[in-house]
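Chain letters run A, B, ... following the sequence lines, proteins first and then strands; every chain starts at 1. Fair warning: this is a prediction, and the values are worked out from it, not measured in the lab.
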Amino acid sequence: MPELPEVEVVRRGLAGHVVGRTISTLEVFGHRVARRHVAGSADLSARVAGTRIEGARRRGKYLWLVLDDGAGDRQGLIVHLGMSGQMLVADPAAPDPKHLHARFRFADDGPELRFVDQRTFGGIALADLDDADVPTTIRHIAPDPFEAAYDRTAVIRRIKGKDSAVKRILLDQTVVSGIGNIYADEALWRAQIHGERPASSLTKPAIGRLLDHARDVMAAALGEGGTSFDALYVNVNGESGYFDRSLHAYGQEGRPCDRCGTPIRRAQFMNRSSFFCPHCQPVPRRGRG
DNA sequence: CTTTTCTCCTGTATGC
DNA sequence: TGCATACAGGAGAAAA
């Protein structure tokens with residue numbers, strides 16, 4: 001549920017609180033959190049201990065810390081928040097919260113870093129970095145709309161070539177990353193496109209406008225500290241953003257559309273909820289766009 | 001190869 | 001009050 005803006009809020013917090021510091025120990029609790037680290041949690045802890053955090057990076061919903069072991073070897077510590085993951089900076093004397101899955105202690109004996117995750121869809125893992133300092137294990141994740149590597153024209157062309165529902169494609173992180181259910185619905189509302197329209201039925205300019213709306217709505221959300229529709233999304237200090245006040249579609253079932261007044265409708269799509277204005281975003285007829 | 005469905009997980013809300 | 005059920009949904013595995 002944390003999407004690009006919420007993850008960026010966390011990245012900025014990490015940049016301010018842990019970059020430049022040296023990790024003394026990493027404790028991993030339970031078997032779930034390091035499941036993507038194939039060599040296991042003991043290996044993960046051993047490799048992370050003693051490294052210095054050189055940077056905090058992000059692509060889409062993926063975060064990673066660039067770690068330097070001081071001997072010329074650099075690795076990426078990937079952090080994915082999943083549905084409910086939190087990275088919290090805390091006083092080491094503060095009691096452990098429920099659902100604490102990992103704890104980073106630092107050589108300076110300053111505040112520690114905790115990975116807390118109620119639903120345990122998130123996790124941490126180490127990976128090699130490529131020449132651009134992107135972990136090699138997330139090379140299948142496309143650049144997000146804020147990256148220099150984002151090729152808007154190529155993304156439009158790729159989307160135009162697909163017959164799947166356009167919302168499904170917005171959520172496909174291998175096409176463009178960072179967009180989840182909330183910002184997909186918001187971008188579709190802004191673009192006045194129904195998410196079940198086949199992508200190939202949209203004109204290239206319409207696809208371009210949709211992508212630009214997705215970028216713009218995520219930028220606006222970031223400007224307000226992210227969306228806190230769920231109280232689980234917080235920055236590293238445990239504080240929520242307030243972009244949920246600015247949502248036009250997501251979670252607005254029954255409320256009048258801010259553009260035309262028609263009640264916002266909710267429908268099941270891909271086993272998730274989709275919110276849309278039935279007037280501004282007409283439902284496509286089956287078999288055509 | 002591409003596309004779609006299933007699965008992982010637990011706290012909260014709702015219905016009987 | 002208790003118990004069952006629905007729901008939130010990112011992403012990778014599995015299936016089609």
Trainee: Identify whether any heavy atom of A:Arg35 sits under 4.0 Å from a base atom; if not, whether one sits that close to sugar-phosphate; answer base, sugar-phosphate or nothing.
Mentor: nothing
Trainee: In whole angstrom, give the distance that lies between atom CD of A:Gln268 and atom P of B:dT5.
Mentor: 13 Å
Trainee: Verify whether the ring centers belonging to A:Tyr62 and A:His80 lie closer than 6.0 Å.
Mentor: yes
Trainee: Where each residue is assigned the nucleotide of DNA chain B containing its nearest heavy atom, which of A:Ala165 and A:Arg272 is assigned the position nearer the 5′ end?
Mentor: A:Ala165
Trainee: With respect to the phosphate group of B:dT5, does any side-chain polar atom (N or O) of A:Arg168 fall under 4.0 Å of OP1 or OP2?
Mentor: yes
Trainee: Would you call A:Arg52-A:Asp69 a salt bridge at under 4.0 Å N-O?
Mentor: no
Trainee: Whether A:Arg152 and A:Asp212 form a salt bridge (side-chain N of Lys/Arg under 4.0 Å from carboxylate O of Asp/Glu) is what I want to check.
Mentor: yes
Trainee: The side chain of A:Tyr62 lies closest to which of these nucleotides: B:dT3, B:dG11, C:dA11?
Mentor: C:dA11
Trainee: According to a strict under-4.0 Å criterion, is A:Gln118 in side-chain N/O contact with OP1 or OP2 of B:dG11?
Mentor: no
Trainee: Look at the side chain of A:His99 and decide which nucleotide, out of C:dG10, C:dA11, B:dG11, has an atom nearest to it.
Mentor: B:dG11
Trainee: Within the 4.0 Å heavy-atom criterion, would you say A:His101 contacts the bases, only the backbone, or no part of the nucleic acid?
Mentor: nothing
Trainee: Select base, sugar-phosphate, or nothing to describe what A:Arg32 touches, counting heavy atoms under 4.0 Å on all strands.
Mentor: sugar-phosphate
Trainee: Between A:Lys162 and B:dT2, does any side-chain N or O lie under 4.0 Å from OP1 or OP2?
Mentor: no
Trainee: Check this one for me: any side-chain N or O of A:Lys98 less than 4.0 Å away from OP1 or OP2 of B:dG11?
Mentor: yes
Trainee: Can you find a heavy atom in the side chain of A:Thr51 that is under 4.5 Å from one in the side chain of A:Asp68?
Mentor: no
